[in-house]
Amino acid sequence: MLFVNNLSKEYNHFSFMNKKSASNRLSNLHDKTHNRSNQTSFNHREIEKVWQKKWEENKLYYASDASDKKKFYQLIEFPYPSGAGLHVGHVRSWTGMDAYSRKKRMEGYNVLYPIGWDAFGLPTENYAIKMGVHPSIITSKNIENFKRQIKSLGISFDWSREINTSDPMYYKWTQWIFLKLYEQGLAYQSETYVNWCPYCKTNLADEEVLANGTHERCGNLTEKRLQKQWLLRITKYAERLINDLEKVNFSPSIRDQQINWIGRKSGAEIVFQLKGKSDKIKVFTTRPDTIFGVTFMVVSPEYAEKYLVNLITEDNKNEVIEYISKSLQKTLIERDNIKKEKTGVFTGIYAINPASDIEVPIYVADYVLSDYGTGAVMGVPAHDERDFAFAKKHSIEIIEVVDGAKEKDSAFSGSGKLINSGDWNGIKVPENLSKIISDIEKQGWGKAEATYHLHDWVFSRQHYWGEPIPIIHCSDCGAVAVSEKDLPVELPYLEKYKPSGTGESPLADATEWLNVACPRCGKQARRETDTMPNWAGSNWYYIRYTDPSNNKEIAAKDKMKHWLPVDFYQGGVEHITLHLLYSRFIYKFLYDIGVVPTDEPYKKRRSHGIVLGPDGRKMSKSYGNVINPDEIVEKFGADTIRLYEMFIGPFENTVAWSYESLEGCSRFLGKLWRAFNTKVEEKTSNILSIKLNQTIKKVDTDVEELKYNTIVASLMELLNVWDDEESLSHDDAKKLCCLIAPFSPHLAEEVWVNVLGEKFSVHQAPWPKHDPKLVIEQTITIPIQVNGKLRSTIEVGREKADDKKTILELAKSDEKVKKWIERKEIKKEIYIEGKLVNFVVN
RNA sequence: GCCGUGGUGGCGGAAUGGCAGACGCGCAGGACUUAAAAUCCUGUUUCACAAUUGUGAAGUGUGGGUUCGACUCCCACCCUCGGCACCA
């Protein structure tokens, strides 16, 4: 109840206040046009548009391929053009990096800061279905809206390089990359269990399914389905995707999340011979040192179905088959929920432990995962908790092989000396694992092996709105690649594009498009009907920005060489194990086949936190807490929302929207505007000069670290000093104007040209430098502590700072300090030059 | 369970070994106004005492430690958020 009241109060307050402030600003407009020097209010509605137009006309933010300046490639994640339009989260990321880019330009860099549209994919298609408008139409409509919104914010994108992943001239190259992957054997078709989203009616990659089993886009529970699909062999790059993280500057959480997801574990693969059969079972283990303790084996239901069904003895067959089919019907979640219970059935088959020669029974159990390791495990009940539980339940022998267990009713997985292990007895494990593994290889029991959590990437979707996979299926020749000269394989216009749910995409009904001659034998053949996931187009888009209209190549070599790699990539945390991982893989592949110039695409990667609603919840229509940037721009201006989103909190933190804080920023800009109009004088006072130089220094370093909130705070401090009857010269006003330009570009431009009378544009002016002599105050305040507690402060001239004797004398004679050191023995006198005095007394 | 991040006023947060709470919000009081809005000024960690400038104590998740001095470094623990997890 309380909560609801607060919220409505907030909204009421907001709308009330805005009506007033809006009309106020409008009423000021009249005076303003007649006498600029007297104006007390910045009319953002008029002024912002004027400058946006002029920047565009003068191509101020166009990045030239032929420039003597040092290049800087600044990238933000391009949006999918949703119907909801720009989110204030986009605004945060893009204006933050806009400030970064603007500063870089002023510092003399040739900055590439491009934008485009990730237009293919599920979200767009789902939205089109909901609105009953064809995705191609809704896409271009949404793009128009996004463009208008972005332009109203004054973001310095280079619009000449705009790209769209659903444009045939763009996806021609997405398909080309697929052909290259296919050529190299990195794209292949296979029938395996995949994640199926019943709501979106499509396959999904592992990365698109959250830990709780739901689809990351729609939030619905996914299922496992056996289906033939295209996969990309990303696992071949697993090692490099981990190791090469050392070459790049990613924040620790991003780096570790990727490592975590790839999930490398090393150990050994052990081969077990089946008793009385020619077949073998391979297992992966991280503890091959416990091999003498193996008393059973367990395979996953999927493994059993695929490889063991025909070997099972007649007595056990029915029970096993029933168990398998029951398990396969269970969803992942169901299998997860019964974690504790170790069900399973005996197959009647035995395997031989290669080390101890003991015959061990083989079971089928659903606690073994089919998609990790080999899908079969060796059971060492004495030293693995799950194996222990299973052995207890099924009365299997337990052989201890590592000495050190304290209790007998649980598995011991700690370190200790081997026992009951033949020649290995006495070896300390797991410390000496590498010696054990080389011994295993010598004996021929198995070999060293690593396994990964990362799987090959499920790359086909049973949807309409995506890039057609450029493959033709021929009954004689099999899957044949479309030849490069026939690219792009254009997506046909379909009226009926809703997903069917049958496992085939709606393209299966596009008869005319579907039936083609086989490129190899010329016989009647059929096009692949699956399309690529939305990640396909976003894999390589930053490469295309370097040469967006090239029709002969993905991009010209010299242009790629000039711009790549991306110097700074900034985006959301939600793509770390999706887009960010995928695009690194594709880039590495392109490097291997000699297309791109380097082996990592992004030198530096940082994330921004999400912007929550004023109520602290994720913005959502159903909560009614969505902030529309259009309204804020209209009522407060682009400069205000820009500054506010910088000030709202640390750039990488999640933050909640606050109207009150927004008003504070609006007030600051108003005050700043008035100061520029009324308080620029002949000379800069000493105090203000020092503050100005300190602020220049701080802004300079804080931009590099994305500490935008403290930048705004220090600008506010500076203005507070200026307001305190200090004077600022024209030259210093220019410096301050430049300092503000990256953050509030419109107001800065208006001040620069129309208040200070400088030449257009402030955004081409050089970035101000601080004077090292002027950041030091002439008088310093030194705190005096007694026993580490602050008792007083003294003011001294800067020139006396290195005179320890005088400072200590002054400190001791201070009235307040005297009280605390009188009649006490001073054991120690500490003076840190220019900083602090501390007396240690009894 | 594993990996990562963080824990500071009424709120967002600042300070990375040296005056804790910058800056902003909110709140309280005041000025201007017929009134309001806007704007401006003053105060604002908590507690106790003094009631005028003040005086003292406590205080950065908890408990220890290092140091003249710790929000900051070290050890142990608790909690929040994010990722992974029947991973053999």
Side-chain angles (χ1 to χ4, degrees), chain A residues 16-17 19-21 23-25 27-28 40-41 210-211 251-261 263 265 267 283-287 290 298 335-336 338-342 365-369 371-380 383-387 389-390 451-453 573-574 576-577 607 609 644 647-650 652-665 667-668 670-671 674 707 709-720 723 781-793 816 819 827-832 834-841:
Chain A
F16 182 59
M17 182 270 307
K19 265 178 219 152
K20 289 292 182 182
S21 89
S23 65
N24 237 35
R25 278 163 198 207
S27 68
N28 281 329
T40 51
S41 168
L210 302 180
S251 44
S253 61
I254 299 174
R255 186 195 59 219
D256 291 335
Q257 237 184 88
Q258 286 210 345
I259 292 174
N260 223 330
W261 179 260
K265 278 200 180 160
V283 300
F284 171 77
T285 176
T286 53
R287 292 295 302 272
T290 61
V298 196
R335 272 169 84 161
D336 209 49
I338 43 168
K339 257 178 195 176
K340 298 281 157 349
E341 213 186 322
K342 296 283 176 285
D366 63 6
Y367 81 88
V368 176
L369 305 174
D371 55 3
Y372 187 77
T374 63
V377 301
M378 59 185 214
V380 187
H383 306 290
D384 180 283
E385 262 180 60
R386 291 151 306 176
D387 295 348
F390 192 82
T451 193
Y452 302 90
H453 173 256
V573 285
E574 68 277 17
I576 293 171
T577 55
S607 298
Y644 163 66
F647 187 54
I648 191 168
E652 304 196 33
N653 285 17
T654 296
V655 287
W657 184 269
S658 152
Y659 282 116
E660 286 83 3
S661 196
L662 177 77
E663 283 176 58
C665 291
R667 252 172 246 160
F668 164 71
K671 274 192 221 174
R674 282 192 291 283
K707 288 166 84 174
N709 54 332
T710 55
I711 290 175
V712 178
S714 66
L715 291 172
M716 286 171 169
E717 278 181 56
L718 173 62
L719 178 62
N720 288 344
D723 255 1
T781 307
I782 295 175
I784 316 296
Q785 296 183 341
V786 178
N787 283 347
K789 285 195 176 155
L790 180 73
R791 294 305 175 193
S792 184
T793 57
K816 287 179 195 162
K819 257 194 348 199
K827 285 169 74 185
K828 209 166 175 181
E829 297 173 346
I830 295 145
Y831 174 59
I832 311 295
K835 286 234 174 107
L836 170 135
V837 172
N838 190 11
F839 296 116
V840 183
V841 299

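Within every chain, numbering begins at 1; the chains are lettered A, B, ... in the order of the sequence lines, protein sequences first and strands thereafter.
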- Spell out, as yes or no, whether a donor-acceptor pair under 3.5 Å connects the side chain of A:Asn653 to the backbone of A:Gly609. no
- Do A:Trp657 and A:Tyr644 make the cut of ring centroids closer than 6.0 angstrom? yes
- Item | Distance, rounded to the nearest Å, where A:Lys828 contributes NZ and B:U67 contributes C1' | 9 Å
- Considering only atom C1', compute the distance from B:G43 to B:G10 and round it to an integer number of Å. 16 Å
- Message: Can you identify which nucleotide, out of B:A88, B:G24, B:A14, has its nearest atom closest to the A:Asn709 side chain?
- Response: B:A14
- With a 4.0 Å cut-off on heavy atoms, is A:Gln257 in touch with a base, just the backbone sugar-phosphate, or nothing at all? sugar-phosphate
- Query: Please give, in whole Å, the distance from B:A88 P to A:Asp371 CG?
  - Reply: 13 Å
- With both distances under 3.5 Å as the test, what is the Watson-Crick or G-U wobble partner of B:G18? B:C68
- Query: Rounded to the nearest Å, what distance is computed from the CZ atom of residue A:Arg791 to the C1' atom of nucleotide B:C68?
  - Reply: 15 Å
- Task: Could you state the atom-to-atom distance from CG of A:Asp723 to P of B:C40 in whole Å?
- Result: 8 Å
- Note on the structure: Nearest-nucleotide check on RNA chain B, A:Gly375 vs A:Asp256; residue mapping nearer the 5' end is A:Asp256
- Task: Pick the P atom in B:A22 and in B:U44, then give their distance to the nearest Å.
- Result: 10 Å
- Closest to the side chain of A:Pro650, out of B:C68, B:A14, B:A88, is B:A14
- Message: When you measure from the side-chain N and O atoms of A:Tyr372 to the phosphate of B:A88, is any distance below 4.0 Å, counting only OP1 and OP2?
- Response: yes
- Message: Roughly how many Å apart are B:U60 and B:C73, using the P atom of each and rounding to a whole number?
- Response: 15 Å
- Message: Taking the P atom in each of B:A15 and B:G21, what is the distance between them to the nearest angstrom?
- Response: 13 Å
- Query: Considering only the P atoms, how many Å lie between B:C23 and B:G82, rounded to the nearest integer?
  - Reply: 33 Å
- Message: Taking the nucleotide of RNA chain B with the nearest heavy atom to each, does A:Val712 or A:Gly788 sit closer to the 5' end?
- Response: A:Val712
- Residue-phosphate contact under 4.0 Å: A:His453 side-chain N/O, B:A85 OP1/OP2: yes
- Message: Using a heavy-atom cut-off of 4.0 Å across all strands, would you classify A:Lys671 as base, sugar-phosphate, or nothing?
- Response: sugar-phosphate
- How long is the line joining CD of A:Glu663 and C1' of B:U39, in whole Å? 14 Å
- Message: Under 4.0 Å, heavy atoms only, any strand: does A:Ile648 hit a base, just the sugar-phosphate, or nothing?
- Response: sugar-phosphate
- Message: I'd like the C1' distance from B:U55 over to B:G4, given in whole Å.
- Response: 47 Å
- Side-chain N or O of A:Arg667 closer than 4.0 Å to phosphate OP1/OP2 of B:U39: yes
- Taking only the side-chain heavy atoms of A:Thr710 (C-beta and beyond), determine which of B:C86, B:C84, B:A15 contains the nearest atom. B:A15
- Note on the structure: Regarding the side chain of A:Thr793, the nearest nucleotide among B:G13, B:C19, B:C23 is B:C19
- Rounded to the nearest Å, what distance is computed from the CG atom of residue A:Leu836 to the P atom of nucleotide B:A70? 12 Å
- Message: Give me the distance, rounded to whole Å, that separates B:U46 from B:G59 when you measure between the C1' atoms they each carry.
- Response: 8 Å
- Message: Nearest whole Å is fine: how far is B:G17 C1' from A:Ile830 CD1?
- Response: 13 Å
- Spell out, as yes or no, whether a donor-acceptor pair under 3.5 Å connects the side chain of A:Asn709 to the backbone of A:Phe647. no
- Task: Send over the distance from A:Asn260 CG to B:A85 C1', rounded to a whole Å.
- Result: 9 Å
- Item | Student check: side-chain heavy atoms of A:Leu719 and A:Leu715 closer than 4.5 Å | no
- Do any side-chain nitrogens or oxygens of A:Asn720 fall under 4.0 Å of OP1 or OP2 in B:A22? no
- State which of B:C23, B:C87, B:A58 makes the closest approach to the side chain of A:Lys265. B:C87
- Evaluate the side chain to side chain contact (heavy atoms under 4.5 Å, CB included) criterion for residues A:Ile254 and A:Gln257: first the C-alpha distance (whole Å), next the side-chain angles of each, then the deciding distance (0.1 Å), finally the verdict. CA-CA 5 Å; A:Ile254 299 174; A:Gln257 237 184 88; 5.9 Å; no
- Using the C1' atoms only, state how far B:G6 lies from B:U72, rounded to an integer number of Å. 15 Å
- Query: Does some side-chain heavy atom of A:Asn787 sit less than 4.5 Å from a side-chain heavy atom of A:Val840?
  - Reply: yes
- Query: Would you say A:Lys819 reaches B:G56's phosphate, i.e. side-chain N/O to OP1/OP2 under 4.0 Å?
  - Reply: yes
- Answer yes or no: does a side-chain N or O of A:Lys707 lie under 4.0 Å from OP1 or OP2 of B:A14? no
- Task: Have a look at B:G9 and give me syn or anti from its glycosidic angle (syn if within 90° of zero).
- Result: syn
- Message: Does the Lys NZ or Arg CZ of A:Lys342 fall within the cation-pi geometry relative to A:Tyr367 - under 6.0 Å from the ring centre and within 45° of the axis?
- Response: yes
- Among B:A58, B:U55, B:A88, the one nearest A:Val368 by side-chain distance: B:A88
- Task: Output yes when at least one side-chain N/O atom of A:Arg255 is less than 4.0 Å from OP1 or OP2 of B:C3, else no.
- Result: no
